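Working notes for the structure below.
It should be emphasised that the depicted structure is a prediction, and the values quoted were computed from it without experimental measurement. Excluded from the calculations below are hydrogen atoms, water molecules and symmetry mates; all remaining heavy atoms, backbone and side chain alike, are included.
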Amino acid sequence: TNSVDSLVADKSAGLNTAIGDFFNAVGAYAADPTNKSMAGAITGTANTVAQRMTGMSSLVTQIQSDARKALVDTVAQVNTLLPALASVNQKIVNGNSPGNSAPSADLLDERDRLLAKLQQLVGGQSLINADGTATQLVAGQPLVERSIANKVSINADQQSVALTFNLQNGPSKGVLTSVQSLDGGQAGALLQ
């Protein structure tokens, strides 16, 4: 945002200064409409405003492109973390089986680390289940439910994401896609 701030507010190169100079030139010309140099000043300041607006447009386009690339990277990170959390959840379930007193503290720490990273990336709600496993919800939909990891993808419109449900326990063992918008985490910020 520093680039946008400097383009808008920087006294030597900002859009605000250029617009102010343009209106000052128009005001001076209105006071003396026969002065040719003042008429030329309007043209010069109008060109400066146009150049700075073009620069603003280019900057906004670059920011949008960078945000799309960052969103792709963020979704890739999320899709790496989801199966990792599901795997840790399965190990926690195995650690709770008869003959074991409890899952190791290292597994619980890894679960918490993965949840914290998912919170940072997509926001949502992290739940610790009674058996020590974790569930990560976004917009009420589970990204990870115990040992089942779903998948996040970006829709073609680049305005929302899709959540592909892993129906391991269903009769078809297929997938179902539901469109979700994210309003939290790094992914939500990038979508905005």
Side-chain angles (χ1 to χ4, degrees), residues 1-5 56-97 100-192:
T1 61
N2 288 337
S3 302
V4 174
D5 288 343
M56 175 76 84
S57 176
S58 297
L59 183 61
V60 169
T61 300
Q62 183 62 46
I63 290 171
Q64 185 179 32
S65 173
D66 291 348
R68 285 184 179 150
K69 289 175 187 171
L71 182 60
V72 168
D73 291 343
T74 299
V75 166
Q77 288 178 45
V78 169
N79 286 329
T80 300
L81 295 172
L82 296 177
L85 181 57
S87 174
V88 168
N89 279 342
Q90 186 59 51
K91 291 175 184 174
I92 290 172
V93 168
N94 295 344
N96 285 328
S97 62
N100 295 325
S101 59
S104 75
D106 289 342
L107 279 177
L108 299 178
D109 287 345
E110 180 65 7
R111 174 202 66 196
D112 294 344
R113 184 190 69 75
L114 291 168
L115 286 173
K117 188 65 177 168
L118 284 169
Q119 278 289 330
Q120 177 189 0
L121 293 174
V122 293
Q125 184 178 17
S126 299
L127 305 173
I128 305 299
N129 303 309
D131 61 0
T133 61
T135 300
Q136 179 68 30
L137 302 170
V138 172
Q141 302 295 322
L143 295 180
V144 173
E145 178 71 35
R146 291 188 165 76
S147 63
I148 299 175
N150 296 315
K151 186 176 179 183
V152 177
S153 60
I154 304 166
N155 286 325
D157 65 3
Q158 300 282 316
Q159 303 294 320
S160 58
V161 297
L163 181 59
T164 305
F165 290 99
N166 181 351
L167 301 177
Q168 289 180 347
N169 300 327
S172 67
K173 298 187 187 314
V175 294
L176 172 69
T177 303
S178 174
V179 176
Q180 299 296 321
S181 63
L182 297 175
D183 56 3
Q186 182 176 319
L190 292 167
L191 283 168
Q192 293 292 326

Step by step, would you call Leu137 with Leu143 a side-chain contact (heavy atoms from CB on, under 4.5 Å)? CA-CA 6 Å; Leu137 302 170; Leu143 295 180; over 6 Å; no
May I have the step-by-step check of side-chain contact (heavy atoms from CB on, under 4.5 Å) for Gln62 and Ser58, ending in yes or no? CA-CA 6 Å; Gln62 183 62 46; Ser58 297; over 6 Å; no
Intermediate values then yes/no, side-chain contact (heavy atoms from CB on, under 4.5 Å), Val122 and Gln186: CA-CA 6 Å; Val122 293; Gln186 182 176 319; over 6 Å; no
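Applying the side-chain hydrogen bond (donor to acceptor under 3.5 Å, both in side chains) criterion to Gln77, with sequence neighbours excluded, gives no partner residue. Applying the side-chain hydrogen bond (donor to acceptor under 3.5 Å, both in side chains) rule to Asp112 yields no partners; only residues at least two apart in sequence or on another chain are considered.
In this structure, Leu115 and Ser126 approach most closely via the heavy-atom pair CD2-OG, 3.8 Å. The two atoms that bring Gln119 and Gly124 nearest to each other are NE2-O, 3.2 Å, heavy atoms only.
Atom CG of Leu108 sits about 5.0 Å away from atom CD1 of Ile92, to the nearest 0.5 Å. Rounding to the nearest 0.5 angstrom, the gap separating the CG atom in Leu190 from the NZ atom in Lys69 is 13.5 Å.
Side-chain contact between Val152 and Leu82 is present, with at least one heavy-atom pair separated by less than 4.5 Å. Pro142 has its side chain within reach of Asn150: a pair of non-hydrogen atoms, C-beta onward, lies under 4.5 Å apart. Taking 4.5 Å as the limit, some side-chain heavy atom of Leu118 sits within range of a side-chain heavy atom of Leu85.
Remark: side-chain polar atoms of Glu110 are not paired, donor with acceptor, to backbone N or O of Val88 under 3.5 angstrom. With hydrogens and angles ignored, the 3.5 Å screen pairs no side-chain donor or acceptor of Glu145 with any backbone N or O of Gln136. At least one donor-acceptor pair under 3.5 Å links the side chain of Asn89 to the backbone N or O of Ala134. Here the side chain of Ser87 pairs no donor or acceptor atom with the backbone of Pro83 at under 3.5 angstrom. Although no hydrogens or angles enter the test, the distance criterion places no donor-acceptor pair under 3.5 Å between the side chain of Ser65 and the main chain of Thr61. Judged purely by atom type and a 3.5 angstrom limit, Arg111 has no side-chain atom pairing as donor or acceptor with the backbone of Asp106.
Screening residues 115-139 for salt bridge (Lys or Arg N to Asp or Glu O under 4.0 Å) gives Asp131-Arg146 as the qualifying pairs, with residues at least two apart or on separate chains.
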